[in-house]
Structure formats: C-alpha cells, structure tokens
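Each residue takes its place number in the sequence, starting with 1.
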Amino acid sequence: MSVNRMTLRNTGHGDYRVNFLEARDDKAAYYTDCLEDAVLTGAAMRRRRDAKLRDAI
C-alpha cells in the first residue's frame, strides 16, 4: 500500500515495514509487529520529513 509517498507492507513474517516510497534502502525503514504502530509511526515519519522540508525553505 502507498499513501502520501509512504509504503506500508506486511513482511510475511508477522511484521509490518514502513518506509518512504522513494527510499531504496532500509536506513529509514521501521519494522513492527503491530499494524496500528506501523500506521501511526509512518504518519509521524511523514510529518517530521514535511516539517524539515518546510524549515529548509
């Protein structure tokens, strides 16, 4: 699934992986076994990145 330039994927091992759509590596990826945690953390990651981009302008 891709929403707001973020991906949320079930790894198939009982974990969820959240990362930026354009990320090619696991540096920013977040893994958890809780879907709610994955969704909330992904939203927080996006907000932090958006704030950094706004501050850079």
Side-chain angles (χ1 to χ4, degrees):
M1 170 192 296
S2 172
V3 177
N4 292 319
R5 310 286 308 160
M6 300 291 294
T7 60
L8 172 60
R9 194 173 341 161
N10 185 326
T11 66
H13 301 287
D15 289 327
Y16 297 94
R17 179 183 185 272
V18 180
N19 205 0
F20 297 102
L21 187 61
E22 63 275 4
R24 298 287 182 221
D25 55 29
D26 272 350
K27 286 182 183 177
Y30 178 75
Y31 290 86
T32 182
D33 62 352
C34 175
L35 179 58
E36 181 179 11
D37 181 35
V39 170
L40 295 174
T41 300
M45 289 167 63
R46 183 180 44 81
R47 282 192 304 270
R48 282 192 302 269
R49 183 185 62 181
D50 290 349
K52 283 182 184 180
L53 291 174
R54 278 193 306 271
D55 291 344
I57 296 175

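- The side chain to side chain donor-acceptor pair (under 3.5 Å) pairs that include a residue from residues 29-43 are Arg17-Tyr31, Asp26-Tyr31, Tyr30-Asp37, Thr32-Asp37, Asp37-Thr41, where partners are two or more places apart or lie in different chains.
- Separating the CG atom in Asn10 from the CG atom in Leu35 is a distance of 8.5 Å, to the nearest 0.5 Å.
- With sequence neighbours left out, Glu22 forms a salt bridge (Lys or Arg N to Asp or Glu O under 4.0 Å) with Arg5, Arg49.
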Could you go through residues 50-57 and list every donor-acceptor pair under 3.5 Å that involves a side-chain atom there, pairing it with any protein atom two or more places apart or in another chain?
none

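- When all heavy atoms are compared, the tightest approach of Cys34 to Tyr16 is C-CD1, 3.9 Å.
- Nearest heavy-atom pair across Asn19 and Ala29 is OD1-N, 3.6 Å.
- In terms of heavy atoms, Gly42 sits closest to Val18 at CA-CG1, 3.5 Å.
- Atom-to-atom distance recorded for Met6:CE and Leu21:CG is 9.5 Å, nearest 0.5 angstrom.
- Residues that satisfy the salt bridge (Lys or Arg N to Asp or Glu O under 4.0 Å) test with Arg47, not counting sequence neighbours, are absent from this structure.
- Considering only residues two or more places apart in sequence or on other chains, Arg48 meets the side chain to side chain contact (heavy atoms under 4.5 Å, CB included) condition with Ala44, Met45.
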